[in-house]
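In this text the structure is predicted, and so the values were computed from the model without any measurement. When reading the values below, keep in mind they use all heavy atoms of this one structure, side chains included, and skip hydrogens, waters and symmetry mates.
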Amino acid sequence: MKTVYFLPVLLISLWCKAQDGLYPYAEKGKWGLTNKKHAVVLEPQFDSIHLFQGDYARVENNRKVGLINGSGKIIYSCAYNDMPIVAPNGMAVAKTIKGYILLDPATGKQKGSLVFDEIPGINPLSKATNLLVVKKEGTIGLVDMNTGNLVNKTLKFDDGEFFEEPSLKNFLIVALDGKYGVVEASSGKEVIPATYGEIKSATDGSQDLIKAVTDDERVVYFDASGKVAPAAVAKAAQKAEESSNHDAAALAGSGEKKDMRIYKIPGGRWRVVLEIGEFQRPGRALDSIEFSGYSTLEYLSYREAQRIPGMIKAVKDNNTGVIDLKGNVIVPLIYDDVKYREDNFGHYAFIETRIGNRVGIIPVETMKELKKPVLVQVIDEDANRQALLVQTASGTRGYMDKATGEIYIPGYKD
């Protein structure tokens, strides 16, 4: 029972917020920017344009990375191996042959002379304080991404990362020889000694806490000021964690689930069975219905929570459409082929219709035709832009609004 998932995102980055009203589009293999009025904001000239982070987006040419802003201005040319960090003010960390350097948006060039070996940790930049953890010669330091200056030169630790919780913004998790502790980021003052086997954030349901675990699994909770939490708070935090773990285990448990199976039976008939059982294994039949008059019935999708839970590809007289579990025609049998497509995170699902070498779109949420079969392909979904990345008959690529079907490519007409 196959579901067609979206291809990997072509223009993906770790940045999660799209610049409002700006859409990349491609002509002859090069990407530029347009807006909702279909005006050219930036002429196509890049191999790829990533999602915007605030007012900035990474761009690539010949496997080198640069940066543009929301006006289409090139802030940094495509001259760097990578650009893993961009601060809200446009100051960036770029990877070069000699190491990591800081870039100044005012000049478009290196700021100062600092060179780092590594950007450590999963969360090296504090969005609240704009401080960045850097590493050189085995030890870490902090850089102020407002000024580009090294804030603290005395952090004798071999790794570090910030908490994600705003109330813990001033604290840095540090590591030394496989042991973990916490320091105050701005001063380097030790708050929790680096003697614990694990440090992570926690909560008692009303406030953020720091959880420290010793090698013998003794747990100590600290509050947002770095003080040991009272026993009642620690007990509440332990209860909250146990409740969270229980919910996660219940969600991850395999269990029995409903699904739909289709069987061809003698006499040119088909039997569609609603079953309950383990994933991808035949289960116990809950209900069944038989159909005739179709040359082919194929599984498209079964999602119990959807408005139309079961969708079946149906072929009659070489024409294809979609029927539901009761045999109602929900997509007319007028197409050469149909596919059910969805992204892996459940953001968007649609029926892709095909006539000849052109495809169209019927969103599952509305089951109304959004785009007739005029596209070459639907490449991917972009949940941030609420749009689909599509390729048109002329070969251009761009984004189509998921609600209206409007395609944001300068000069494009269906």
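- Expressed to the nearest 0.5 Å, how far CD1 of Ile68 lies from CD1 of Ile75 amounts to 9.0 Å.
- In this structure, the separation between CZ on Arg271 and CZ on Arg261 is 14.5 Å, given to the nearest 0.5 Å.
- Under a 3.5 Å cut-off, the side chain of Asp55 and the backbone N or O of Gly70 do form a donor-acceptor pair.
- Considering every non-hydrogen atom in both Leu103 and Pro105, the closest pair reads O-CD, 3.7 Å.
- Taking all atoms of both residues into account, the shortest heavy-atom contact from Leu67 to Gly90 is CD2-O, 4.3 Å.
- Asp144 contributes no side-chain N or O that, together with a main-chain N or O of Leu150, makes up a donor-acceptor pair within less than 3.5 Å.
- Separating the CD1 atom in Ile379 from the CG atom in Leu389 is a distance of 4.0 Å, to the nearest 0.5 Å.
- Proximity of Val65 to Tyr76: side-chain heavy atoms (C-beta onward) are nowhere separated by under 4.5 Å.
- The two residues Val93 and Pro84 have their closest heavy-atom pair at O-CD, 3.3 Å.
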Pair Phe291-Val272, side-chain contact (heavy atoms from CB on, under 4.5 Å): steps then yes or no: CA-CA 8 Å; Phe291 298 101; Val272 178; 3.5 Å; yes
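- With a 6.0 Å radius and a threshold of 12 heavy atoms from other residues, nucleotides or ligands, Gln45 has its CD atom above the threshold.
- Rounding to the nearest 0.5 Å places OH of Tyr25 at 9.0 Å from CD1 of Ile49.
- Geometric assessment of Lys136 against the ring of Phe116 yields a negative cation-pi assignment under the 6.0 Å and 45° thresholds.
- No more than 12 heavy atoms of other residues, nucleotides or ligands lie within 6.0 Å of NZ in Lys258, so this atom counts as exposed by the packing criterion.
- The OG atom of Ser301 sits 6.0 Å away from atom CE of Met311, with the distance rounded to the nearest 0.5 Å.
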side-chain contact (heavy atoms from CB on, under 4.5 Å) assessment of Tyr196 paired with Lys211: CA-CA 10 Å; Tyr196 291 90; Lys211 178 183 178 181; over 6 Å; no
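- Remark: Asn328 CG is packed, more than 12 non-hydrogen atoms of other residues, nucleotides or ligands lying under 6.0 Å away.
- Asp414 meets the salt bridge (charged side-chain N to carboxylate O under 4.0 Å, His left out) test with Lys371; sequence neighbours excluded.
- Side-chain N or O atoms of Thr34 include one that pairs as donor or acceptor with a backbone N or O of Ala39 at under 3.5 Å.
- Screening Leu142, Asn123, Val182 for a side-chain contact (heavy atoms from CB on, under 4.5 Å) involving Leu172 leaves a single residue, Leu142.
- Checked by atom type and distance alone, the side chain of Asp336 pairs as donor or acceptor with a backbone atom of Gly356 at under 3.5 Å.
- Between His50 and Val59, the closest side-chain pair of non-hydrogen atoms is not below 4.5 Å.
- When ring centroids are compared, Tyr408 and His38 come within the 6.0 Å threshold.
- With rounding to the nearest 0.5 angstrom, the OG1 atom of Thr139 is 11.0 Å from the CZ atom of Phe157.
- Counting all heavy atoms, side chain and backbone alike, Met260 lies closest to Gly310 at SD-CA, 4.3 Å.
- Looking only at atom types and distance, the side chain of Asn130 has a donor-acceptor partner in the side chain of Asn146 under 3.5 Å away.
- Ion pairing between a basic and an acidic side chain is recognised when a charged N comes within 4.0 Å of a carboxylate O; Glu27 and Lys30 show no such pairing.
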side-chain contact (heavy atoms from CB on, under 4.5 Å) assessment of Ile173 paired with Phe163: CA-CA 7 Å; Ile173 303 172; Phe163 290 96; 3.4 Å; yes
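- Panel note: side chain Asp317, backbone Asn319; no donor-acceptor pair is recorded below 3.5 Å.
- In this structure, Ile122 places its CD1 atom where only 12 or fewer heavy-atom neighbours from other residues, nucleotides or ligands lie under 6.0 Å away.
- Looking at heavy atoms from C-beta onward, Arg397 lies in side-chain contact with Gln377 at the 4.5 angstrom threshold.
- Taking the side chain as every heavy atom from C-beta outward, Val233 and Leu209 approach each other to under 4.5 Å.
- The stretch residues 87-97 participates, sequence neighbours left out, in no salt bridge (charged side-chain N to carboxylate O under 4.0 Å, His left out) pair at all.
- With no hydrogens or angles considered, a side-chain donor-acceptor pair links Tyr299 and Asp259 at under 3.5 Å.
- Sorted by first and then second residue, the salt bridge (charged side-chain N to carboxylate O under 4.0 Å, His left out) pairs with a member in residues 62-85 read Arg58-Asp82; sequence neighbours excluded.
- Counting heavy atoms from C-beta on, the side chains of Asp177 and Lys179 never come closer than 4.5 Å.
- In terms of the side-chain hydrogen bond (donor to acceptor under 3.5 Å, both in side chains) criterion, Gln386 has no residue partners (sequence neighbours excluded).
- Note that Lys402 lies in the cation-pi zone of Tyr348, set by a 6.0 Å cut-off to the ring centre and a 45° limit from the axis.
- Ile308 is listed as a side-chain neighbour of Met367, based on a closest heavy-atom distance under 4.5 Å.
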Given the rule in the side-chain contact (heavy atoms from CB on, under 4.5 Å) test, do Val378 and Glu352 qualify, once you have shown the distances and angles that lead to the verdict? CA-CA 8 Å; Val378 179; Glu352 181 182 275; 4.1 Å; yes
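- A salt bridge links Glu298 with Lys313: the closest approach of a Lys/Arg side-chain nitrogen to an acidic carboxylate oxygen falls below 4.0 angstrom.
- Ile351 and Leu300 get closest at one heavy-atom pair: CD1-CD1, 4.4 Å.
- Geometric assessment of Arg385 against the ring of Tyr399 yields a positive cation-pi assignment under the 6.0 Å and 45° thresholds.
- Residues Ile323 and Leu297 are in side-chain contact: their nearest non-hydrogen atoms beyond the backbone lie under 4.5 Å apart.
- Side-chain atoms of Thr296 do not come within 3.5 Å of backbone N or O of Val315 as any donor-acceptor pair.
- Legend: residues meeting salt bridge (charged side-chain N to carboxylate O under 4.0 Å, His left out) with Asp104, ordered by chain and number and at least two apart, are Lys111.
- Using a distance-only test at 3.5 Å, with no hydrogens or angles considered, a donor-acceptor pair links the side chain of Trp270 to the main chain of Tyr294.
- For the salt bridge (charged side-chain N to carboxylate O under 4.0 Å, His left out) test, no residue two or more places apart in sequence or in another chain qualifies with Glu365.
- Atom OH of Tyr180 sits in a sparse spot, with 12 or fewer heavy atoms from other residues, nucleotides or ligands closer than 6.0 Å.
- Within 6.0 Å of the NZ atom in Lys372, the count of heavy atoms belonging to other residues, nucleotides or ligands does not exceed 12.
- For the pair Phe46 and Leu42, the tightest heavy-atom approach, listed with the atom from each and the gap, is CE1-CD2, 3.5 Å.
- Under the salt bridge (Lys or Arg N to Asp or Glu O under 4.0 Å) rule, Lys200 has a single partner from Glu164, Glu241, Glu165, Glu161, which is Glu241.
- No side-chain donor-acceptor contact under 3.5 Å links Glu342 to the backbone of Ala349.
- Considering Val374, Thr396, Asp401, Val390 as possible partners of Ile407, the one that fulfils the side-chain contact (heavy atoms from CB on, under 4.5 Å) test is Val390.
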